[in-house]
Amino acid sequence: MFHADGFNLDVENGKTYMLRIINAGLNDDLFFKIAGHGLTVVEVDAVYTKPYKTDILLITPGQTTNVLVTTDQSAGRYLLSVSPFLDAPLQVDNKTGTATLQYANTVSATARLTLVKPPPQNATPIASKFSESLRSLNSKEYPANVPQTVDHSLFFTIGVGVNPCANCINGTRVVGTINNSTFVMPSTPILQARYYSIPGVFTEDFPATPPHKFNYTGSGPKNLQTMKGTRVHRLPYNASVQVILQDTGIISTESHPIHLHGFNFFVVGRGVGNYNPKASPSTFNLIDPVERNTIGVPTGGWTAIRFRADNPGVWFMHCHFEVHTSWGLKMVFVVDNGKRPSETLIPPPKDLPQC
């Protein structure tokens, strides 16, 4: 229910409510709290988790989280808060959004309001603890089918670059990049070009590893220019895929919420600094890692994900910060057909509207 002072969630004492929470924002990771009430996370991105009790959530743009809230407090009004998380030296609109949880037996809207204190904007330990505490349910009915071996290993650096721009101030502009490649949206859909074998729309040369190696979480190389193009990376059908998502320090390190279309993935590892191919895999969780479709890569750190390429078609992977994806921080996986009809990309419907 909406009031003049914002949204009001009416509840009854002694019940358990499920809240489905979505970060529909464009460019901010968000903390979520309810004064005086605990939260039990039971689902993220439409996948069950082991119940995790906490008093705070971290949700990146594009992520969803379902929590159970038990109304076990005395009659009154309790503040809900949503506040930004940013642990990089960048500007953010550091405002707190609020709503009210109100018990049904509260005498009036002027009853005592229990306040909540949002965490500091740069509360990295709180954000890290939440992210590292989530686990897949991994029950008999809902198993965590984590790929134990890797057929296709990829290493993606994510961040920004600086390209020449004749019409821009100082003659340059900041662009988004994965493996030094800034994605250019084509005028013909890639799926259409792929299905009908239309030439000249995309190239299959998206790099599996960074073209230039450097201290990724340092200041970056001297040349910050990126390659521009509509590049895709092909995956064989049913291949087990591992992607290391490595933040970079070009201009600044920053957390990036990376979203993959067409698949869920398992978040098997994360860390601070540069990924170490010899030491880092020993920290992987291959038993019950959280399964989801959007993950926040930590500022100045890395995240390892695994998935099985069992969905033929054309699938974007991109940063869910709107500003970054508009700058070209995205790429495309083209997943080949399998051998059976059920493993083959279906044709477009006959009544598909034409552009």
Side-chain angles (χ1 to χ4, degrees), residues 1-25 28-87 92-137 139 142 257 290-292 294-296:
M1 182 181 297
F2 282 93
H3 295 281
D5 57 350
F7 177 73
N8 196 78
L9 177 62
D10 296 313
V11 298
E12 297 178 15
N13 188 272
K15 292 189 174 183
T16 298
Y17 292 83
M18 176 179 282
L19 305 184
R20 301 181 185 272
I21 303 162
I22 302 170
N23 184 342
D28 291 326
D29 296 341
L30 298 174
F31 288 122
F32 175 92
K33 296 189 72 171
I34 304 178
H37 292 76
L39 309 168
T40 302
V41 179
V42 294
E43 185 179 325
V44 295
D45 293 353
V47 181
Y48 289 127
T49 66
K50 287 183 174 66
Y52 170 58
K53 294 184 178 181
T54 180
D55 65 348
I56 191 167
L57 307 180
L58 173 69
I59 314 179
T60 77
Q63 286 185 337
T64 67
T65 303
N66 289 1
V67 299
L68 302 179
V69 179
T70 299
T71 49
D72 53 4
Q73 300 299 304
S74 57
R77 300 160 64 231
Y78 298 82
L79 200 66
L80 288 78
S81 72
V82 175
S83 59
F85 165 62
L86 180 66
D87 57 354
V92 65
D93 187 10
N94 192 18
K95 292 185 173 68
T96 299
T98 60
T100 306
L101 184 147
Q102 179 169 314
Y103 281 71
N105 53 351
T106 300
V107 176
S108 71
T110 60
R112 179 178 64 89
L113 177 64
T114 301
L115 302 179
V116 61
K117 184 178 180 180
Q121 170 194 312
N122 61 346
T124 305
I126 294 175
S128 296
K129 180 183 178 182
F130 180 83
S131 298
E132 293 168 1
S133 297
L134 300 178
R135 296 286 186 272
S136 286
L137 185 59
S139 64
Y142 299 100
V290 69
E291 181 182 357
R292 58 188 323 158
T294 306
I295 187 63

Visitor: Between Val69 and Leu39, is any pair of side-chain heavy atoms under 4.5 Å apart?
Guide: yes
Visitor: For Thr40 versus Lys53, what's the shortest heavy-atom pair and its separation?
Guide: OG1-CG, 3.6 Å
Visitor: Can you tell me how far the CG atom of Asp10 sits from the OG1 atom of Thr71, to the nearest 0.5 Å?
Guide: 12.0 Å
Visitor: Could you report the tightest heavy-atom contact between Ser131 and Leu58, atom names first, then the distance?
Guide: OG-CD2, 4.0 Å
Visitor: Can you measure from CG (Asn66) to CD1 (Ile21) and round to the nearest 0.5 angstrom?
Guide: 8.0 Å
Visitor: Determine the minimum heavy-atom distance between Pro119 and Ile56, stating which atoms define it.
Guide: CG-CD1, 3.5 Å
Visitor: With rounding to the nearest 0.5 angstrom, report the OH to OG distance, Tyr48 to Ser136.
Guide: 13.5 Å
Visitor: Would you give the length of the straight line joining atom CG of Leu115 to atom CZ of Arg77, rounded to the nearest 0.5 angstrom?
Guide: 10.0 Å
Visitor: Roughly how far, to the nearest 0.5 Å, is CG of Leu9 from CG of Leu101?
Guide: 5.0 Å
Visitor: Using 0.5 Å steps for rounding, measure from the CG atom of Leu80 to the CG atom of Leu19.
Guide: 7.5 Å
Visitor: According to the salt bridge (Lys or Arg N to Asp or Glu O under 4.0 Å) rule, which pairs have a member within residues 31-47, sequence neighbours left out?
Guide: Asp45-Arg292
Visitor: Any side-chain to backbone donor/acceptor pair from Asn23 onto Gly25? Under 3.5 Å, distance only.
Guide: yes
Visitor: Taking Tyr52 for its side chain and Phe130 for its backbone only, find out whether a donor-acceptor pair lies under 3.5 Å.
Guide: no
Visitor: Does Asn13 reach the main-chain N or O of Gln73 with its side chain, forming a donor-acceptor pair under 3.5 Å?
Guide: yes
Visitor: What's the shortest heavy-atom distance between Leu79 and Ala99, and which atoms?
Guide: CD1-O, 3.4 Å
Visitor: For the backbone of Thr96 and the side chain of Ser83, can you confirm whether one donor and one acceptor N or O come within less than 3.5 Å of each other?
Guide: no
Visitor: May I ask you to decide if Thr294's main-chain N or O and Gln63's side chain share a donor-acceptor pair within less than 3.5 Å?
Guide: yes
Visitor: May I ask you to test the Thr49-Leu137 pair for a side-chain heavy-atom distance under 4.5 Å?
Guide: no
Visitor: Just wondering, do Pro61 and Asp29 contact through their side chains at under 4.5 Å, heavy atoms?
Guide: yes
Visitor: With ring-ring contact (aromatic ring centres under 6.0 Å, His included) as the rule and sequence neighbours excluded, what pairs involving residues 59-85 come up?
Guide: Phe31-Phe85, His37-Tyr78, Tyr78-Tyr103
